Asker: 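Below is a structure I'd like to ask you about.
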Amino acid sequence: MQVDLGNVLDTASAHGVSREALDRLDGRVAAAHDRIERGREAGEHGYESLNLPNSTDPAAIRDAVSRFDDPSAVVTVGIGGSALGAATLTDALESDVDAHYLDNVDPEAVERLLDSLDLASTVVNVVSRSGTTAETLANFLVVREAMADAGVDWADRTFVTTGEEGNLRDLADKHDLPSLPVPDGVPGRFSVLSTVGLAAAALCGHDIEAVLEGAAAQEARLSDSLFDSPAYAYGAVSYALAERGMHQNAMMPYAESLETFSEWFAQLWAESLGKDGLGQTPLRALGATDQHSQLQLYRAGPRDKLVTLVRAAEREDVAIPETDLDGLAYLGGSSLGDLLDAEFEATEASLAAADRPSVRIELDRVDEYGLGELLYAMEAACVLYGELASVDTFVQPAVEWGKRAARGLLGGGDFEEADAVADKEELVVE
Ligand SMILES: O=P(O)(O)OC[C@H]1O[C@H](O)[C@H](O)[C@@H](O)[C@@H]1O
């Protein structure tokens, strides 16, 4: 995996960062790296996430899921960090096992999914770090009832990944469900390289050891200079650009397989860095599709965006058939991959020509190893950014406020946040 910062430099785009500024920032990267390493060594909350390539035991995960013989589908019931990491992996990789995610509580979507599944051959993977998230527990109760109605022994087809306490733990204990623990000190959005993210991938037959190897390769590159670590290079320039007014970061992979990765990245970046009036809003884009929609804004709208372009050097390709149609001959003899690469480079150049900074991230391949590298690198980038910006990367009080308000509204406890709902201002126009 490599990160190319060329189009961030002020020589490429007038509002970019000078080489001297990057050299100065590198001194701060060294101090931040030192802090991160101390946190990792002490197993501090959050920093512990960057130890997962070594602390996760893939054999224990394989062992826990091996009881499920040849499933046709895996439904992961979880939300946010308890779903997006697993979804990033299973959406990026091919498998004969269909992976589905029940994260939202949209009744129509839930019903549609349940109707489409052969529940007798489906495995239900319920994931919640806290074990108390309303959406996850509600969806699980619905799935459980659907299985019972279909005459399926739901307890036989369910396993749980959760902490030592909470409603989900109680349910698992009560019904003697097989379970995997969540790692200590790892917030949900940093948990893809643990039981939380890897169990669904293992059920789909993916090489979870290779995911961890890719992550370990990026871990080994963390150093006290941004010029020696792709992860820190990305984190440092994202921070530097945010300081220069690039308050949005459009994550734009040129691979459909990485579309869910952008969703995962959005949670990581937003929940970790959006604090104290600071942060960089993640935007989700897909190349080449969004060249024909959002790119207009990225190139000609407010100068407040960093565009992150991601692609794989190697992939399957499809030849474009020759044609003698006037004006289309240029396509014949090349391939869809050639076209995608040309579009990628054209987008990069068009942004630079309009003085809009972009970063290029290149993976060797979108495979287990490459995904491990990418996911670990983005996590380390995020932790570094948080250090440079002096925010508390590993908490999410703003999200929890809303969770308490919703729970209070449903009668799940006495939460003062619920009172704010009754105080809502109205200015209705009909
Ligand atoms: O894993 P859970 O405890 O169910 O939490 C799921 C999600 O809930 C909240 O919205 C948090 O802000 C997220 O960071 C978390 O990933």
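Values in this document were obtained by computation on a predicted structure and should not be read as measured data. Both counts, for ligands and for their atoms, begin at 1 and track the order of listing.
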Asker: Does a donor on one side chain sit under 3.5 Å from an acceptor on the other, for N125 and T76?
Answerer: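 A pair is found: one side chain offers a donor N or O, the other an acceptor, under 3.5 Å apart.
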Asker: Who gets closest to atom 7 (C) of ligand 1 by heavy atom: L268, I79, D103?
Answerer: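 That would be I79.
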Asker: Measure from atom 1 (O) of ligand 1 to every heavy atom in S82, G166, G402 and give the option owning the shortest one.
Answerer: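 Nearest heavy atom to atom 1 (O) of ligand 1 lies in S82.
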Asker: If we only consider heavy atoms of E135, is any one of them less than 4.0 Å away from an atom in ligand 1?
Answerer: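 No, E135 has no heavy atom closer than 4.0 Å to ligand 1.
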Asker: How about T347 and Y254: does a side-chain donor come under 3.5 Å of a side-chain acceptor?
Answerer: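 The criterion, which ignores hydrogens and geometry beyond distance, is satisfied for Y254 and T347.
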Asker: Are a donor atom and an acceptor atom from the side chains of T281 and N249 found within less than 3.5 Å of each other?
Answerer: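 No.
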Asker: Any nitrogen or oxygen of S128, main chain or side chain, under 3.5 Å from a nitrogen or oxygen of ligand 1?
Answerer: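 Between S128 and ligand 1 (N or O atoms, distance only) the closest approach is under 3.5 Å.
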Asker: Using a distance-only test with no angle check, is there a side-chain donor-acceptor pair under 3.5 angstrom linking D355 and S13?
Answerer: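 Not at all, the side chains of D355 and S13 share no donor-acceptor pair under 3.5 Å.
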Asker: Given T133, T161, L168, identify the one with the heavy atom nearest to atom 2 (P) of ligand 1.
Answerer: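 Selected option, by shortest heavy-atom distance: T133.
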Asker: If you measure from each non-hydrogen atom of R129 to ligand 1, which part falls under 4.0 Å: side chain, backbone, both or neither?
Answerer: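 It is both backbone and side chain that touch ligand 1.
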Asker: Distance only, no hydrogens: is a donor on one side chain within 3.5 Å (strictly under) of an acceptor on the other, for D26 and S225?
Answerer: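 Checked: D26/S225 side chains pair up, N/O donor to acceptor below 3.5 Å.
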Asker: Tell me the contacting part of E400 for ligand 1: side chain, backbone, both, or neither, using a 4.0 Å heavy-atom threshold, strictly below.
Answerer: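 For E400, there is no contact with ligand 1 at all, from either part.
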Asker: Which ligand 1 atoms, with their elements, are less than 4.0 angstrom from a heavy-atom of S130?
Answerer: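 Ligand 1 atoms under the 4.0 Å threshold to S130: 2 (P), 3 (O), 4 (O).
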Asker: Could you check whether R221 pairs with E219 (Lys NZ or Arg NE/NH1/NH2 to Asp/Glu carboxylate O, under 4.0 Å)?
Answerer: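 No.
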